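Accompanying notes for the structure given below.
All figures in this text were calculated on a predicted structure; none of them were measured in a lab. In what follows, chains carry the letters A, B, and so on, assigned in the order in which the sequence lines appear, proteins first and then strands, with residues in each chain numbered from 1.
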Amino acid sequence: MLELEDVHASYAGRRVLHGVSLAAARGEIVSLIGPSGSGKSTVLRAAIGLTPLDAGTVRLDGAAVDYASAESLKRLRRRMSIVFQQYNLFQNMDVLANICLAPVKVLGLAPAEAEGRAMALLGQMGLADKARARPSQLSGGQQQRVAIVRALAMQPDILLLDEVTAALDPERVGEVLDTVQALASTGITLLIVSHEMAFVRRISHRVVMMDEGRVVETGPAEAVFGAPQQARTQAFMRAILRD
Amino acid sequence: MTEIFAPATLAFLGEALLRTLGMTLIGCSAGFAIGLALALLRRSRAGWLAPARWLAMLWVEGFRRIPFLVILMLVLFGVQGLAPGLPLIGIATLAVTLAASAYMAEIIRGGLESVPAAQVEGAEALGLSAGTITRTILLPQAWRVIVPPAAAFMVMFVKDTALASHLGVVELAFAGKIMVNRGMSPVVGFGAVMLLYFALSWPLGRAARALEVRLART
């Protein structure tokens, strides 16, 4: 179980999170929604230790994560992976090397075992024929699916998805959403930041509405989308439904 | 030593040529290695390395702002106290190393910064260590940005080693002066020196260009 308790964090010198608390149980799919700049991505970045916490605590299965300790951070990142909006693939390596690097260097897998695991995942994603391609030779949707495979190759318990469709052409969004949909049935814990509201509503067990670095409302997806309790959530829902 | 093609003259010029080449190659290579360490140190984020980062910054900014001739003199007088037996060519090579390290550190820093930060962030999020990120992601992509200016710097420094003549190192320029002082025509003496500088710089420049093209293909 992942818990964030009263987390404060800054980004580019500006305080972005003002005491965020939320939790995701094992196998739960939790989506963060809210207007741009509300701090959703910073929550994910703070959870995986890319944005330092100014205050607050993150717990994994009850144990507080010590972000100042390299060992603690390493343990955390063996259990938690993130997929970024811009894929963040290594441009000097082919797809297979992108996927196998961390399992070999961080998990200590033998290269052959890591490659076998990577090829199996690429096969599931319909990307087996792209194993030797460079990221620059792939479409945005393919690159994002490779990034998802790279994260999954670490066999994480928790996967953070940070606006994984935001940088894609509209016609590529579907293929990535289908991939996430397939992941949802595997029992992995997903923490999703997305502007694809219909998708969020369909896939999420629970939705967290954020605004100005604070959690405004949280509840089951149908409740938050169908009958929001807070005025800010109601206004947000009115705005996105008008779009 | 008034005949340019006399065996003694050719041997004298050959030795001077080797000194110029040696100072450049050894000094710039050692400077590159130190520059790489300085650039990596300046990128480090560990709190306990803060004093070393500050010293690296001071080193780079300091040696880039001091004329090479002054560095030569500083090394000469510094070494006289610390290692009095070091030959003049060694002192000059050490000075080239110090100057090159500062410039190379900046060239390498620029190359490392040319790799998109998003890739480093992606690697950190996967739990990869700073060493692995540097070796497998940063340096392989930074080389193509580092090599052209580093090679250009080395070719330029072939000429700057002429300043070592102020210490009494008989490198190419000083060899020309000696030959002319002994009666050789200045046109012939310095003409030969000019051709030898060109003969050194041209292949170095071509080799750097070939390496650049090869790196661009990877």
Side-chain angles (χ1 to χ4, degrees), chain A residues 41 44-52 67-94 97-108 134-136 143-144 146-147 149-156 158-160 162 167, chain B residues 36 39-53 107-151 210-218:
Chain A
S41 292
L44 302 193
R45 294 176 58 84
I48 201 161
L50 290 174
T51 296
Y67 290 99
S69 151
E71 224 18 72
S72 172
L73 206 52
K74 204 169 168 182
R75 274 199 303 276
L76 170 79
R77 288 168 175 170
R78 282 180 178 184
R79 297 194 50 197
M80 184 190 286
S81 289
I82 184 168
V83 182
F84 301 91
Q85 179 181 334
Q86 296 292 345
Y87 336 129
N88 298 18
L89 296 174
F90 312 134
Q91 297 298 318
N92 60 316
M93 298 178 198
D94 63 22
N98 257 280
I99 299 166
C100 294
L101 183 65
V104 171
K105 298 287 185 185
V106 179
L107 301 181
R134 289 287 179 114
S136 59
Q143 287 191 61
Q144 194 57 287
V146 169
V149 169
R150 186 174 72 174
L152 290 175
M154 295 297 285
Q155 295 192 314
I158 302 163
L159 184 61
L160 315 177
D162 187 9
Chain B
L36 178 62
L40 293 175
L41 192 56
R42 289 186 75 180
R43 275 182 72 91
S44 66
R45 281 178 288 182
W48 63 276
L49 281 173
R53 271 195 296 278
I107 290 169
I108 294 165
R109 186 184 61 79
L112 295 172
E113 284 181 2
S114 73
V115 180
Q119 290 184 46
V120 177
E121 203 163 65
E124 285 175 348
L126 286 166
L128 292 165
S129 67
T132 301
I133 293 171
T134 303
R135 274 195 317 278
T136 60
I137 297 159
L138 281 176
L139 287 176
Q141 295 183 76
W143 283 132
R144 68 190 65 184
V145 179
I146 292 170
V147 164
L211 188 59
E212 195 181 322
V213 169
R214 204 171 139 187
L215 282 171
R217 280 201 218 107
T218 58

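Residue contact with chain A, scored on non-hydrogen atoms closer than 4.5 Å, involves the side chain of T132(B) exclusively. With a 4.5 Å cut-off on non-hydrogen atoms, R75(A) does not touch chain B at all. Interface remark: A117(B) contributes no atoms to any contact with chain A (heavy atom separation under 4.5 Å).
Among all heavy-atom pairs drawn from L89(A) and Q119(B), the shortest one is O-CG, 3.3 Å. Here the closest heavy-atom approach between residue T136(B) and residue M93(A) is recorded as O-CE, 3.3 Å. When all heavy atoms of I82(A) and A125(B) are compared, the closest pair comes out as CG2-CB, 3.5 Å.
Ranking R78(A), M80(A), Q91(A), K74(A) against chain B, the residue ahead of the rest is Q91(A), based on heavy-atom pairs under 4.5 Å.
Two residues are said to be in side-chain contact when any heavy atoms from C-beta on lie closer than 4.5 Å; I48(A) and E124(B) fail this criterion. Side-chain contact between L128(B) and L101(A) is present, with at least one heavy-atom pair separated by less than 4.5 Å. The side-chain heavy atoms of F90(A) and L126(B), taken from C-beta on, include a pair separated by under 4.5 Å.
Here the straight-line distance linking atom CD of E121(B) with atom CG of N88(A) works out to 6.5 Å at 0.5 Å rounding.
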